[in-house]
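Here's the structure, in structure tokens; my notes come after.
Below, read A as the first sequence line, B as the second, and so on, with proteins coming before strands; counting in each chain starts at 1.
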Amino acid sequence: MAEQLSSRFDPKAIEGTIYQAWKDAGYFHVPASRVLEGGADPFVIVIPPPNVTAVLHAGHGLNNTIQDVLIRWRRMQGRASEWLPGTDHAGIATQNVVERLLAMEGVTRDDLGRDAFVDRVWEYVRETGGTILEQLEAIGCSCDWERTAFTLDPGLSRAVREVFVRLYDKGLIYRGEYIINWCPRCHTALSNEEAEGEEVVGRLYHLRYPFPEPSWGAAEAASHAGAEAIARLADGRWYLTVSTTRPETMLGDTGVAVNPRDERYAPLVGADVELPLTGRTIPVVADPYVDADFGTGMVKVTPAHDPNDFEIAKRADLPLLDIMTEAASLNENAPEAFRGMDRFEARDAVLVALETEGLLAGSDAHTHSVPHCYRCHTVVEPRLSEQWFVKTKPLAEPALQASRDGTVTFAPVRWKKVYEHWLENIRDWCISRQLWWGHRIPVWYCGDCSEVIAATEDPDVCRKCGGGELEQDPDVLDTWFSSQLWPFSTFGWPDDTDDLKAFYPGHVLSTAPEILFFWVARMIMIGYEVMGETPFRDVYLHGTVRDSQGRKMSKSLGNGIDPLEVVDRFGADALRFTLISAAGVGTDLYLDPDDLEASFSPGRNFANKLWNAGRFTLTSVGDAPVRPLPEVEADLELEDRWILARLDRATVSVSRDLERFRLHEVADTLYHFFWGDFADWYLELVKSRVQSEDDASREAARSTLVTVFDSICRLLHPLTPFVTEELWGRLPWPEGGERPEALIVASWPTPQPGRADADAEAQMAALQELITQVRSLRKEYGVGEGQEVSVVLSGAPAGFDDTVQTQGAALRRLARVGSAQSGAVPEHGVGAHAVLGNGTEVFLPLEGVIDVEREVVRLREEVQKLENHVADVDRRLANQAFVERAPAEVVERERDKARTAREQLAKLGEKLHHLAGR
RNA sequence: GGGCGCUUAGCUCAGCCUGGUUGGAGCGCCUGCCUUACAAGCAGGAGGUCGCUGGUUCGAGUCCAGCAGCGCCCACCA
């Protein structure tokens, strides 16, 4: 069998078949009955549903690999592991994509009309949507495909309506006219989270508004110290100065505000001022929001285009004047000269007009944060409009409590504070969107009696007046309104289904920190509100995938990595292993999109090494029956006991790190155990034994090989599922032992009692060091592999002599040592020296092979090193405080060190003396 | 303006919570090897004032404070 395997791992040859085998075996699907009747312990992850139109990028690759590692591990542990996949309809994003397609045909959504447009989007989604889910299969994700969900599915849509109506009935959803973030390109409202602040270097313009004659108050105000904003110009009139970064909004000003405690401007409160370019007159009002120390201490008030101004206007009873259209061009409320202009065009025009009239007092460079639409990047315009909101404070309470009391945990833990801070300062959530693609708001208005009806089922008649034409609210809900329900809507809520009983609440939620507020926090809030408990316990927030220059990978920058290309070139295992080993908890990953070879060769090489070690193990073990390990217990040799002890150590460490989401540590531990311990040492040590005539030795080696390699496959399976499945399936099963299943899902390794073997580990460590030292000395003295050497050991601790004698074959194989004798190092012999960590002095007689001068030089270095070491230790021991206060074992260790080092020093010194004298 | 994180080898990062052998890994680099599992490999090696300053301690990469540089998040200063 094994001979047929290629010496290079070819992922393409196995991935498809193996994935299909997993699916066919029903490996991924968990029926609720396994939990409810079978008593299995559930483990549930719901996928962060990618946009239905998305294609897989590096971030998805990382996130879904993480989830798959956790799911596969728990499944092997015997948990009923449910990983629910699906997609999000992604309101704005998807609508934008389709609108762009239509634009290429020269058609707008308005040309089509609402119904036809929505049909068109559905058509698009049916054709191309869900591609990303198929792509997840390519990287080995073991999702329960039988439960694939979409946020616009009928069931999930029913959940949306149900939640809306419940919140509405509780007064937690309300409608009102407020300043919201408006995207003039998408023509819709945005939530605060969807308006992303971006640093922009702009200008702060200072505008002058003239006081009408007679300007009582102005002169008085101007007499106050620091009242620079009030000035009398050459024309003899009094003016005040206000500042703004958006000069065009002055056309919508309905007042000027000052702080009520600001004595400078007290005489002006109640006065009127002329608003240039408009012919209107607006009042000066007092409002505590104004910061007297900032700028001139006077603020122009534009209630319809600034959230703060809106609040001031409400308090001061100023009128609201909306001067812009949906597209952010100036409307009929603006002076005729500016009507129809785009806001930025109008900005320039207003500046020119003011300048002409001598009313522009200048400008300063000004860096500030300007909100942009998170989908299309257009500058958001604050706009007065009637929208639906969720009252969030009551919902935030339990979600906050859950974090504070540890019901919900975050990894890395620093996100806990970020999450809590957001909830503590949460603002109401604007949920209505002026889009067509999404869940239409389940509210109807009666044309006759103005009754507002929120209902889960479309009503036929007005429940109040019985007649009247009913019209449904035209808006749809924010996409995140439906995705927040994901952990229960996907399992059948609002019905009381078995799935829900079995799989809610879930366990781990793994995602990118960017959507901590958008999605994670809201799921927790609504989970408590609707289900009465948290949707998951552990939130794992992974790092960002960046390019070699540290830039976040993105479509627009064109610096992304296509995981499918990586799979194609290096295999899914290589992709997964590379991503997991590179991703510390919450740390960013750096990959070079221009050099996939450099980025993914660690994973590719690892998979290949695994493949070859597997090939060798299979050939070594051969087809003959293998005896179960307990039967050969008495015949186990040093390296067998050692590798089994190392395996246990690795098993314990890996299981612990998985619990703590320290996946990169898992990868690191297994890398070193498999490559370092197993491949580099164990396989080399048993090479001669597996072909040996000595039945006991051979059988012990074969059993150990099978046992250890079986565990290696299992431990690595969550990380590199394909190659481990393939190799494991070919591994012979020990006689009499029942092969649990055809696939590796069988079980997760657990530490075996009696396998810890400190003695074997110590002996092996010394043996490894001896071999390494001999190799090193050979290299240094130029003694080639072709030349066999003998070794003299002196001062070896108990047991090590025996080890060396029984490991003659190993020494010969790995270090080309012909004979190893214990005894005094020849006093006058020429040779190479080294001292092992356990105090053993190693001497390679090389009389006639090396020249004496070189040996003297080397000895001098050795002596120097030892002297430094002794001085170091002595200094510490001479420190009274150290001896008195350090733990006894630490002090004892120091004394031992001093003693051994001195003995060695004496021997080497003597040797040096003799040689130097020659 | 608030909050958080990072700074250890040429590069990317572990190690710090819980202070104590001689500070690690991968990649890259140097040297020698096509040794019948693997050249996507094997063996050997070079490379570090652990950002700076101070403090606590017998002892600090590890704990504390300050500083500097970089990065992220939040925020209505016009």
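The CG atom of Asp291(A) sits 11 Å away from the P atom of rA78(B) (whole-angstrom rounding). Rounded to whole Å, the distance from CG on Asn425(A) to P on rG1(B) is 19 Å. What separates NE2 of His368(A) from P of rG2(B) is a distance of 20 Å, to the nearest Å. The nearest whole Å value for the distance from the CD atom in Glu424(A) to the P atom in rG3(B) is 14 Å. The CZ-P distance, from Arg546(A) to rU12(B), rounds to 13 Å in whole Å. In this structure, His542(A) atom NE2 and rG5(B) atom P are separated by 20 Å, rounded to whole Å. Summarising the geometry, the separation between CD on Glu196(A) and P on rC72(B) is reported as 13 Å, rounded to the nearest angstrom. Distance, Glu311(A) CD to rA78(B) P: 17 Å, rounded to whole Å.
Using a 4.0 Å heavy-atom distance criterion, His305(A) is classed as making no nucleic acid contact. Nucleic acid contact class of Arg414(A) (heavy atoms, under 4.0 Å, all strands): sugar-phosphate only. As judged by a 4.0 angstrom heavy-atom cut-off over every strand, Phe517(A) is placed among residues touching the sugar-phosphate backbone only. Residue Glu665(A) is in sugar-phosphate contact alone, with no base atom involved, counting any heavy-atom pair closer than 4.0 Å across all strands shown. The residue Tyr590(A) sits close only to the backbone: its heavy atoms come under 4.0 Å of sugar-phosphate atoms, none of a base. Within 4.0 Å of Arg816(A), counting heavy atoms only, lies no atom of the nucleic acid at all.
The two residues His542(A) and Pro513(A) have their closest heavy-atom pair at O-CD, 3.1 Å. Across all non-hydrogen atoms, the minimal contact from Val284(A) to Val258(A) is CG1-CG1, 4.3 Å. Closest of all the heavy-atom pairs between Ala613(A) and Leu683(A) is CB-CD1, 4.1 Å. A pairwise comparison of heavy atoms in Ala521(A) and Trp422(A) identifies CB-CZ3, 3.5 Å as the closest pair.
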Considering only nitrogen or oxygen atoms on both sides, find all protein atoms under 3.5 Å from nucleotides 25-33 of chain B and state each distance.
residue: rU31(B); atom: O2; partner: Lys779(A); partner atom: NZ; Å: 3.0

Give every pair of a protein N or O atom and an N or O atom of nucleotides 35-38 of chain B that lie under 3.5 Å apart, one pair per line with the distance.
residue: rA37(B); atom: O3'; partner: Arg615(A); partner atom: NH2; Å: 3.4
residue: rA37(B); atom: O2'; partner: Asn612(A); partner atom: OD1; Å: 2.7
residue: rA37(B); atom: O2'; partner: Arg615(A); partner atom: NH2; Å: 2.4
residue: rA37(B); atom: N7; partner: Lys687(A); partner atom: NZ; Å: 3.4
residue: rA37(B); atom: N6; partner: Ala679(A); partner atom: O; Å: 3.3
residue: rA37(B); atom: N6; partner: Glu684(A); partner atom: OE2; Å: 3.2
residue: rA37(B); atom: N3; partner: Asn612(A); partner atom: O; Å: 3.2
residue: rA37(B); atom: N3; partner: Ala613(A); partner atom: N; Å: 3.4
residue: rC38(B); atom: O4'; partner: Asn612(A); partner atom: OD1; Å: 3.0
residue: rC38(B); atom: O4'; partner: Asn612(A); partner atom: ND2; Å: 3.3
residue: rC38(B); atom: O2'; partner: Asn608(A); partner atom: ND2; Å: 3.2
residue: rC38(B); atom: O2'; partner: Asn612(A); partner atom: ND2; Å: 3.4
residue: rC38(B); atom: O2; partner: Lys609(A); partner atom: NZ; Å: 2.9
residue: rC38(B); atom: N3; partner: Lys609(A); partner atom: NZ; Å: 2.8

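rG54(B) and rU18(B) have their C1' atoms separated by 25 Å, given to the nearest Å. Across rU8(B) and rG51(B), the matching P atoms stand 6 Å from one another, rounded to whole Å. Taking atom C1' in both rA39(B) and rC33(B), the straight-line distance is 10 Å, to the nearest Å. Rounded to the nearest Å, the gap between the P atom of rG71(B) and that of rC30(B) is 33 Å. Rounded to a whole angstrom, the distance from the P atom of rC76(B) to that of rU12(B) is 35 Å. Between rG1(B) and rA9(B), the distance separating the two C1' atoms is 39 Å to the nearest Å. Going from the P atom of rA37(B) to that of rG23(B) covers 38 Å, rounded to whole Å. Comparing rU22(B) with rG28(B), their P atoms sit 32 Å apart, to the nearest whole Å.
Considering only the side chain of Thr772(A), rG44(B) comes nearest among rA78(B), rC13(B), rG44(B). You'll find that the side chain of Arg427(A) is closest to rA75(B), out of rC77(B), rA75(B), rC4(B).
Both Lys417(A) and Leu589(A) sit near RNA chain B, but only Lys417(A) has its closest nucleotide nearer the 5' end.
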- Item | Dot-bracket encoding of pairs in RNA chain B, which uses [ ] for pseudoknotted crossings and | for another strand, Watson-Crick or G-U under 3.5 angstrom | ((((((((.[[[[.)....(...]]]].(((((.......))))).....[[[[[..)....]]]]])))))))....

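For Tyr289(A) against rC76(B), a side-chain-to-base donor-acceptor contact under 3.5 Å is present.
By the 6.0 Å and 45° rule, Lys687(A) stacks over the aromatic ring of Phe616(A).
Side-chain contact annotation: Asp253(A) with Tyr209(A), donor-acceptor N/O pair under 3.5 Å present. With 3.5 Å as the limit, one finds a donor-acceptor pair spanning the side chains of Asp364(A) and His206(A). For the residue pair Tyr374(A) and Glu196(A), no side-chain donor N or O sits within less than 3.5 Å of a side-chain acceptor on the partner.
Taking side-chain N and O atoms only, Arg775(A) has a distance below 4.0 Å to OP1 or OP2 of rG44(B). Between Ser776(A) and rG45(B) there is a side-chain N or O to OP1 or OP2 distance below 4.0 Å.
Taking the centre of each ring, Tyr671(A) and Trp675(A) come in below the 6.0 Å mark.
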